[in-house]
There are 2 protein chains.
Amino acid sequence: MKTLKIPEATITRLSVYSRFLEQVDRKGVVTISSSEIAEGVGVSPAQVRKDLAYFGEFGTRGVGYNVKELLHQTLKILGLNQEWRMVVVGAGNLGTALCSYRGFRERGFRVVGIFDNDLTKIGKKIMDLEVLGTEKIPEVVKEKDVGIGIVATPADAAQETADILVKAGVKGILNFAPTILNLPEDVEVRNVDLSVHLEILTFNLRVERLKKMV
Amino acid sequence: MKTLKIPEATITRLSVYSRFLEQVDRKGVVTISSSEIAEGVGVSPAQVRKDLAYFGEFGTRGVGYNVKELLHQTLKILGLNQEWRMVVVGAGNLGTALCSYRGFRERGFRVVGIFDNDLTKIGKKIMDLEVLGTEKIPEVVKEKDVGIGIVATPADAAQETADILVKAGVKGILNFAPTILNLPEDVEVRNVDLSVHLEILTFNLRVERLKKMV
DNA sequence: GACTGTGAAGCCATTCACAGCT
DNA sequence: AGCTGTGAATGGCTTCACAGTC
């Protein structure tokens with residue numbers, strides 16, 4: 001197959017291009033060049049072309065890319081021409097925020113269930129959802145055809161939570177807990193570690209400071 | 001200088017090693033080998049050694065690394081032997097969640113101010129902080145010696161917010177809004193785009209499905 | 001014998017530079 | 001003339017393999 005072995009960085013950028021194209025499209029722009037995309041998202045024009053070329057020939061030589069068409073293609077590549085249903089486990093501040101995060105909805109991700117073990121949280125309403133006990137996870141995952149589980153629990157409950165989600169049948173997990181999850185190979189896991197980002201930031205800030213001292 | 005040109009991936013992993021070492025240390029383990037660290041965080045032993053070697057010789061041949069000592073070193077490298085003060089702009093669900101996120105505090109990041117433009121939010125208490133109007137940003141940044149600003153506003157307010165933060169004097173920005181920020185070179189920006197992570201996940205899930213069809 | 005630290009090799013991603021189309 | 005698509009060149013990160021140390 002041709003689509004195998006695409007750099008993950010390419011997918012990350014594709015996602016960014018895609019949203020940039022939405023912005024541009026909303027402004028009514030019809031055609032765009034690789035350099036304009038590059039300029040808009042902060043990468044090189046060659047990079048944009050190479051990334052797109054992994055998936056096909058979407059442009060016209062001498063002209064550029066049709067914005068609507070390219071937007072459509074990027075969404076399709078990313079699997080966003082369908083709705084993805086998700087559940088959130090952990091109804092703390094973070095879980096609540098993710099549940100109501102507009103950015104998800106805008107890209108076709110819909111939270112259809114939120115769960116917690118804490119009795120004081122069960123029964124609470126978040127958006128149009130009621131917080132349920134974690135024992136209800138399998139039921140909801142099956143009934144609502146949920147593909148993705150979001151782990152927003154404290155670190156020490158994360159593994160257990162992920163196990164329940166996988167057993168219930170989710171295919172992908174987005175993990176916000178600061179732990180490495182141990183899961184079967186066929187489950188896609190992505191870790192979003194908020195303090196790692198801050199730590200890279202502080203590392204770089206220190207390096208900058210050192211450079212200035214030279 | 002020797003410390004220049006360290007792969008960003010190395011820093012990311014260092015941050016993960018560091019937290020893993022905290023766990024291990026709490027269990028009372030004294031010595032650890034590169035393979036044990038590798039096992040624990042899901043990378044290769046050679047990778048662990050190479051990453052650490054960028055910064056010095058922390059181990060003992062034939063023995064391994066002293067857990068406490070290595071933990072101390074990683075924290076120092078990441079700049080976590082000091083407290084970092086931050087402000088959050090945007091007091092919506094996400095801003096509120098970040099404000100009270102325990103993972104930050106545990107690693108020495110302290111939120112000392114939260115701001116919003118929305119009059120219905122100003123005056124609200126979040127943890128021990130009162131939501132202030134964004135016009136107060138410069139004052140707080142100066143008085144509390146704030147180094148990092150977190151942008152948790154909607155996308156269309158993000159650039160403006162970042163500009164205010166930079167003018168107020170923050171050195172680093174953690175951006176949760178799904179937009180590319182245009183900022184001076186000497187400001188460190190990191191984008192945490194929550195839907196990008198989901199989109200990589202859905203892309204990979206689709207690829208898996210395709211592979212299985214072959 | 002066990003495990004680190006590291007040059008060298010291998011691999012992967014990005015950039016270059018140009019042929020090919022409009 | 002302008003811009004895409006792409007093989008070739010470059011650069012950077014990861015893995016290998018082993019010398020060095022305990």
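Letters A, B, ... are given to chains in the order of the sequence lines, protein chains preceding strands, and every chain is numbered from 1.
- Nearest heavy atoms, B/V111 versus B/L129: O-CD1, 3.6 Å.
- At least one side-chain nitrogen or oxygen of B/Y65 sits closer than 4.0 Å to the OP1 or OP2 atom of C/dG5.
- The closest side-chain donor-acceptor pair between B/N93 and A/S100 falls under 3.5 angstrom.
- Whole-Å rounding puts the A/I11 CD1 to C/dC12 P distance at 16 Å.
- Under 3.5 Å, the side chains of A/E199 and A/T202 contain no donor-acceptor pair of N or O atoms.
- We find that CZ of B/F55 is positioned 17 Å from C1' of C/dT4, with the value rounded to whole Å.
- In this structure, OH of B/Y54 is placed 18 Å from P of C/dT4, rounded to the nearest angstrom.
- For D/dA19, neither phosphate oxygen OP1 nor OP2 lies less than 4.0 angstrom from any side-chain nitrogen or oxygen of B/R61.
- Of the residues in residues 31-51 of chain B, those lying under 4.0 Å from DNA chain C by heavy-atom distance are B/S33, B/S34, B/R49, B/K50.
- Atom pair B/E57:CD and D/dC22:C1' shows a separation of 14 Å (rounding to whole Å applied).
- Ion pair A/E83/A/R85 flagged as a salt bridge, since at least one NZ, NE, NH1 or NH2 atom sits closer than 4.0 Å to an Asp/Glu carboxylate oxygen.
- Between the side chains of A/R107 and B/S195, not a single donor N or O lies within less than 3.5 Å of an accepting N or O.
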Quick one: do A/F20 and A/Y17 satisfy ring pair (Phe, Tyr, Trp, His ring centres under 6.0 Å)? Show the steps, please. CA-CA 5 Å; A/F20 177 70; A/Y17 301 159; 8.6 Å; no

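- Distance CZ (B/F58) to P (C/dT4): 14 Å, rounded to an integer number of Å.
- Protein atom CG of B/L14 is 13 Å distant from nucleotide atom P of D/dT14, rounded to whole Å.
- If you measure from atom CD of A/E8 to atom P of D/dT14, you get 13 Å, rounded to the nearest angstrom.
- Projected onto DNA chain C by closest heavy-atom contact, B/G59 and A/T10 fall at different nucleotides, the more 5' of which corresponds to B/G59.
- Protein atom CD1 of B/I6 is 13 Å distant from nucleotide atom C1' of D/dC13, rounded to whole Å.
- Toward the 5' end of DNA chain C, the nearer of the two residues A/V63 and B/L52, judged by each one's closest nucleotide, is B/L52.
- Of the N and O atoms on the side chains of B/D163 and B/Q159, at least one donor lies less than 3.5 Å from an acceptor on the other residue.
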